[in-house]
Structures are given as C-alpha cells and as structure tokens.
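Below, chain A is the first sequence line, B the second, and so on; all start at residue 1.
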2 protein chains.
Amino acid sequence: MRLLLGEKGVPYEPVRESPWLRRDEFLDMNPAGQTPVMVNSDRPEALPLIDSMAICEYIEETVEKSAMISGTAANRAEIRRLVTWFDTHFYRDITAPLLRERMEKRLVHRAAPDAKLLREAMKAAVAHLDYVDYLLDNRAWLAGSTMSLADLAAAAQISVADYLGGIDWKSHEQAKRWYVGMKSRPSFRPLLAERMEVISPPADYEKLDL
Amino acid sequence: MRLLLGEKGVPYEPVRESPWLRRDEFLDMNPAGQTPVMVNSDRPEALPLIDSMAICEYIEETVEKSAMISGTAANRAEIRRLVTWFDTHFYRDITAPLLRERMEKRLVHRAAPDAKLLREAMKAAVAHLDYVDYLLDNRAWLAGSTMSLADLAAAAQISVADYLGGIDWKSHEQAKRWYVGMKSRPSFRPLLAERMEVISPPADYEKLDL
C-alpha cells in the first residue's frame, strides 16, 4: 500500500499501530483488528479504508497516475492473483513465521527462535524465489510486460523476509536483478530506511548491488 | 464466485477438484493448489483464472449485468473489505474449523470431532451474526443500499456453516431475514441442492422460512 502511494506520488503519513494490543480506538476503526487502515485526510468524515487489497484498489481507482492494475481484464486478473499469492501464501509460509520466530518471540516472550521453523521458512523462501525466477523467464515483470501491483506486493514481502535474514540470493540471479531494480525505486527508500525495534537487518539489506 | 455467475446469468459447469490430493494437472493450472480456478470455455488458450476475489473482479469487469462491485470508490472499498472479512475471517474462525471437525476428520481420519473446537466455532458464528445484525441496522444490504458481492460472499460462508450445523439463528432476526432473502434467489438454488458425501444438513437448511 505504501509502495503504491509512493509510486503514485501521493503523500502519506504512517501512524504506528500495534494490532496485538487490540486498542479499543483501533477496533472501533477496524473490527477485524488488523493493519493496514487508511484514513483520507481530505475526507476525515468518510469510513476508514480497511484491508490491503481493498485499499490498493481504492488508490488505483482514485489516482490515475502510474496505473498498477492495468491492461485487459485477464491481465488484471493475473496481477490480482499474484498479489494474493504474495500477501497470503508468501506471508503465511515465510514472512509470518520469520516475524514470529525472530521478532515476536524475542520482544514478547523473551525466548529463542525455533531453529526448525526458521529452516522451514527459509526453505519455503527458496521455492518462492524459484517461482519468481520462473515468472521472470517469461515476462519482463512478475505479472506481464509492465510493472504492476504484483511487483510491489512481492517486493514488500521479500524485503521484510530479507530484513529478517530469511532470503538467500544464491542461484536466484533473475529474482535478484528484479529485486535490486525494485529497491532502487524512490517509493522503496522510506521503507528500506526503517528499522525494527530489536533486530538489525543484514549488511546488504539496503544495498543496491547485492 | 458461483453466486456472482448466477446473478449475472452466466452459465457455468462446476468441476469437482479435491485440492488435498494435489494432482499434478491441477498444480500445473494453479501452483497455489487451491480452488477456485475458472477456465473460460470461450478462450481455452488463456491463462486459467485463479483466486476467488481475482475471479470475481474479472467477472465484474467483463459482464456488465447486475453490477456487484458498484458505486463510488469508497463504496467499492467497503464492499471489498467485507468480502475479505467473510472470505478470510469468517472462513478461518467458523467455516474452516467446522469443515475440519465435521467433514475432514470423519472422511479422512475416521475420528470424532473435537467438541471444544466445535463450541469455539459456534461461539465465533454468534459474534459474526451480531456483526451482520449491526450492519443491517444501518444499511439495507451488508455494504450499503444495494446488494453487492459482500452479500454473496457472506451468504456463501454462512450457508456452508449452516449446512454443518454451526449456525444458531436464535436472537439474530435481522441476519435471519436477510439470509432467507439470499436463499430465495435463483443464483442460490443450485448450491442449496448440493450435498456433501457423508453429512446431511439440518432439516431447515433449504427452507425459505426459518
């Protein structure tokens, strides 16, 4: 969502929310208790916007510049399929276990990560990068001939996994080159500059040549 | 997806797939290994359409009749938020545990359901029906003044939960009246007529007055 706003040149102000605290004010905004939630400062009386994909569709519909869900209906279906692929499958198999083992356990439970779960997440990351390589064998960008929301969704998930040391770029030349291109975009800079509270990223995390 | 095709009057032919068997031919169509997948018989050479929401957006974009993601960008965002709410949260808290405890355990593991998990799913269903009541206190339909994909997504999840005995309509008058209206739609009839292999639905399942 933030990458999409960045690509479209829409200014935004991130507000930190820790959904696990389940603050009443936040649950009043979103009964599902999940981030992201977006409030349009030009229309503060409007309902808050909720759910990453619903928000991205809203941004795409209201800001014409740099269309990211474009092309024929079939192209758009392929873009949306891949966004769900990364937001759901990549997140479930890689990002979520890495966040749980490396961050939540340390911050909340003061416990060590489970080495077996970390290994499984990193193994899943290899399979996902293989799939990225496969897509890029046939296409200039993940969903087709132009950059799309699929590239933004994939790069967002991969950057969190990379921060948490879950990505091994070895033997993924195609994916690596694509990811370096994504990292070099101005929309990506504010995200790369952020740090989690207790964990530092690997040395190459922000570098534009891996 | 089937309700949307029904509402729009697009004929379709369901093909049964058991995703847990992970057939190679199916994984070749959808590497995520999940249903639904839709093949357009007019364009068999095209990529298969994958992911419930991506397919519904495709149907909505290509078939004008009976728009179900309509209105302003804000209305459309509210529709999409609720579709995700039912497809993700209702599914995770209610439909998925009911399917696991009542169907998968019996069919695959020949085991009895876990009474505690069943009680939790039914308790979650009460909370979700409370939320449906709350939405209908303020709106004619779940996402606003007209019927939308949110109503179809909600009714689809609720009908599976109802089939599996997970819904207690007591003290949910608003939700019940809305659901009876959904059940009476022609798009719903083929779904209500279907039966799972080993489980019969409750006596009222198909009835149009509860």
At a heavy-atom separation under 4.5 Å, does A:Ala46 approach chain B through its side chain, its backbone, both, or neither?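 Contact with chain B is absent: no heavy atom of A:Ala46 under 4.5 Å.
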
Using heavy-atom distances under 4.5 Å, tell me whether A:Glu78 contacts chain B through its side chain, its backbone, both, or neither.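 Contact with chain B: side chain only.
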
Within a strict 4.5 Å, meaning less than it, do heavy atoms of the B:Arg76 and A:Glu57 side chains meet?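 In short, these two side chains do not touch, never coming nearer than 4.5 Å.
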
Who among A:Leu49, A:Thr84, A:Asn40 has the most heavy-atom pairs with chain B under 4.5 Å?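 Highest number of heavy-atom pairs under 4.5 Å: A:Thr84.
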
What are the two closest non-hydrogen atoms of B:Ala77 and A:Ala54, and how far apart are they?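 Taking B:Ala77 first and A:Ala54 second, the nearest heavy atoms are O-CB, 3.9 Å.
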
What are the two closest heavy atoms between A:Ala74 and B:Tyr58, and how far apart are they?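 Between these two residues, the closest heavy atoms are N-CE1, 3.8 Å.
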
Just how far is it from atom OG1 of B:Thr88 to atom CE of A:Met53, taken to the nearest 0.5 Å?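 Reported to 0.5 Å precision, the distance equals 12.5 Å.
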
When rounded to the nearest 0.5 angstrom, what distance separates CD1 in B:Ile50 from CH2 in A:Trp85?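 Separation between the atoms: 9.0 Å.
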
For the [atom1] atom on [X], are there more than 12 heavy atoms of other groups (residues, nucleotides or ligands in this structure) within a distance under 6.0 Å?
X	atom1	value
B:Glu25	CD	yes
A:Tyr91	OH	no
A:Glu45	CD	yes
B:Tyr134	OH	no

Between B:Arg80 and A:Glu61, does at least one N-O distance fall below 4.0 Å, as a salt bridge requires?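 Salt bridge flag = yes for A:Glu61 with B:Arg80.
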
Atom group of B:Leu47 that falls short of 4.5 Å from chain A, counting heavy atoms: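 Contact with chain A is through the side chain of B:Leu47 alone.
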
